[in-house]
Amino acid sequence: MVGFYAVGLSIANMALQVPIQLTGSLLPYYSERRHESGGGKLSADVIAGVTRSLSYITLPMSIGLAAISQELVLSVFGEPFRAAGPMVALLALAAPGAAFMQTLSLYLLSQDRAKERLWIGLFAAFAMVAGCLALVPVLGGEGAALTRIFVFVAMCVAAIKLLSFGRAFNSLYLSLVKVALASCACGLAAMGVLSLQGGAVGLVTAIVAGAVVYIPALRLFRAVPSEDAGMMRLYADRLPGRFRRLGLAIVQFIAPHAERTDIPAPAADAAPGDAAPVGAGREAALPVVFAGTIGHFLPEDSGVQKKDVAILLLSPWGY
């Protein structure tokens, strides 16, 4: 059983690789936004925008991986590991909760609230141990996977309670439900293909079918709000050559009602000596400044202490 769970965890972690890479710059982003807001609390729209952006990738990857998990295990590890298929599916479904918790954790750290994040981690550790002791003897590896899902959901709920955003997240929840429905359509398409064709050919075809179905499903459920579609159109407009036209066509198809979001260009007649706008950019490579117990990439005020340090950011994936 331990071997099956290890195989399942190694495959399910593929759904976390992209979110982990994308959230790597969130701490300096949150710190910069906090600096722009005068050092106070950020609005719920900041976290909501980041979470929606991650959900467009994390949800279809996790649900799609759960849909093809059985065939993927058989193709990679062979028939002896068939029992690991359900574990892969459940562990893949834990990825969205882990990614959401990562965004909330980095927000808490940027607000100098590392102590609250520590208490959430301790609660999660005890809950994980208790859940595994209760479910593993009954359900085996699937019980451990279910415990992982429940613990990440509980961590997200606890973090949201600490942030005290209340009803400000209601629109975010609705958007996540719509994206989840579109992702379920992606998973169903993949399962349908695998029911007709197995093996490596079936896996590749299922992945392509899921991606093709996911795009119209986003439009069907109106899952992409206008502000997100505007940013998508802006980024698609910067793609090279034919990819630019393809990207713009996809964004226009997904959200035809969206308005373009433009980033204002610098004034042409600006004097050479004018101060450049403050941003993370190259400032992130300068010595970190410390206010309280949290290091910021940009100074909160002129009186904070600067230090040359090495910072190790530890992801909370190890529960």
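In what follows, every heavy atom counts, from backbone to side chain, and hydrogens, waters and symmetry copies are set aside. Since we're looking at a predicted model, the values are computed, not measured.
- Scanning all heavy atoms of the two residues, the minimum distance from Ala12 to Leu65 falls at CA-CD2, 3.9 Å.
- Here the side chain of Arg113 pairs a donor or acceptor atom with the backbone of Leu162 at under 3.5 angstrom.
- With contacts defined as side-chain heavy-atom distances shorter than 4.5 Å, the pair Tyr214/Leu59 does not qualify.
- Between Ala236 and Gly247, the shortest heavy-atom contact is CB-C, 3.7 Å.
- Looking only at side-chain heavy atoms (C-beta outward), Arg233 and Leu248 come within less than 4.5 Å of each other.
- Criterion: ILVMFWY side-chain heavy atoms under 4.5 Å apart, direct or through other members. Under it, Leu176 and Phe169 are part of a common hydrophobic cluster.
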For residues 45-58, tabulate all N or O donor-acceptor pairs below 3.5 Å that involve a side-chain atom, not counting sequence neighbours.
unit_1	atom_1	unit_2	atom_2	d
Thr51	OG1	Ile47	O	2.8
Arg52	NE	Asp228	OD2	2.6
Arg52	NH2	Asp228	OD1	3.2
Ser53	OG	Gly49	O	2.9
Ser55	OG	Arg52	O	2.6
Tyr56	OH	Asp228	OD2	2.7
Thr58	OG1	Leu54	O	2.9

Problem - Step-by-step side chain to side chain contact (heavy atoms under 4.5 Å, CB included) determination, Phe100 to Ile160 - result: CA-CA 10 Å; Phe100 187 29; Ile160 292 173; 3.8 Å; yes
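- Residues passing the side-chain contact (heavy atoms from CB on, under 4.5 Å) test with Ala158 are Ile120, sequence neighbours excluded.
- Within the 4.5 Å cutoff, the side chain of Ile63 has heavy atoms near those of the Cys184 side chain.
- Atom CD of Glu142 sits about 11.0 Å away from atom CG of Leu135, to the nearest 0.5 Å.
- A single hydrophobic cluster is seen to contain both Leu104 and Leu106, as judged by linkage of ILVMFWY side chains at heavy-atom distances under 4.5 Å, directly or through other members.
- Checked by atom type and distance alone, the side chain of Arg117 never pairs as donor or acceptor with a backbone atom of Ser105 at under 3.5 Å.
- Evaluation of the salt bridge (Lys or Arg N to Asp or Glu O under 4.0 Å) test over residues 177-205, restricted to residues two or more places apart or in two chains, returns none.
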Atom pairs and distances, donor-acceptor, side-chain atoms in residues 75-93, under 3.5 Å, two or more places apart:
unit_1	atom_1	unit_2	atom_2	d
Ser75	OG	Glu71	O	2.9
Glu79	OE1	Arg82	NH2	3.1
Glu79	OE2	Arg82	NE	2.6
Glu79	OE2	Arg82	NH2	3.4

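- The structure places CD of Gln102 at 9.5 Å from CZ of Phe152, a figure rounded to the nearest 0.5 Å.
- With a 4.5 Å cut-off between side-chain heavy atoms of Ile, Leu, Val, Met, Phe, Trp and Tyr, the cluster of Val177 takes in Leu181, Leu220, Phe221.
- The CG atom of Leu108 sits 5.0 Å away from atom CG of Leu163, with the distance rounded to the nearest 0.5 Å.
- Qualifying ring-ring contact (aromatic ring centres under 6.0 Å, His included) partners for Tyr173, counting only residues two or more places apart in sequence or in other chains: none.
- Interatomic distance, Cys132 SG to Leu139 CG, rounded to the nearest 0.5 Å: 11.0 Å.
- Alongside Phe243, the hydrophobic cluster contains Leu239 (criterion: ILVMFWY side chains under 4.5 Å).
- Take Ala189 and apply the side-chain contact (heavy atoms from CB on, under 4.5 Å) test, not counting sequence neighbours, and it matches Val213.
- The nearest pair of heavy atoms linking Ile68 to Ala206 is CG2-CB, 4.3 Å.
- Here CD1 of Ile207 is found 10.0 Å from CE of Met61. Values are rounded to the nearest 0.5 Å.
- Minimum heavy-atom separation, Cys156 to Gly97: SG-O, 3.4 Å.
- Taking the side-chain contact (heavy atoms from CB on, under 4.5 Å) definition, one finds that Leu246 meets it with Ile250, sequence neighbours left out.
- Listed by first and then second residue, the salt bridge (Lys or Arg N to Asp or Glu O under 4.0 Å) pairs involving residues 83-103 amount to none (not counting sequence neighbours).
- Val129 forms part of a hydrophobic cluster together with Leu133, judged by ILVMFWY side-chain heavy-atom separations under 4.5 Å.
- With sequence neighbours left out, the side-chain contact (heavy atoms from CB on, under 4.5 Å) criterion links Phe253 to Ile215, Pro216, Arg219.
- Between atom CD of residue Glu227 and atom CE of residue Met232 there is a gap of 10.5 Å, rounded to the nearest 0.5 Å.
- A pairwise comparison of heavy atoms in Val251 and Ala229 identifies CG1-O, 3.6 Å as the closest pair.
- A continuous path of ILVMFWY side-chain contacts below 4.5 Å connects Leu146 to Val138, so both sit in one hydrophobic cluster.
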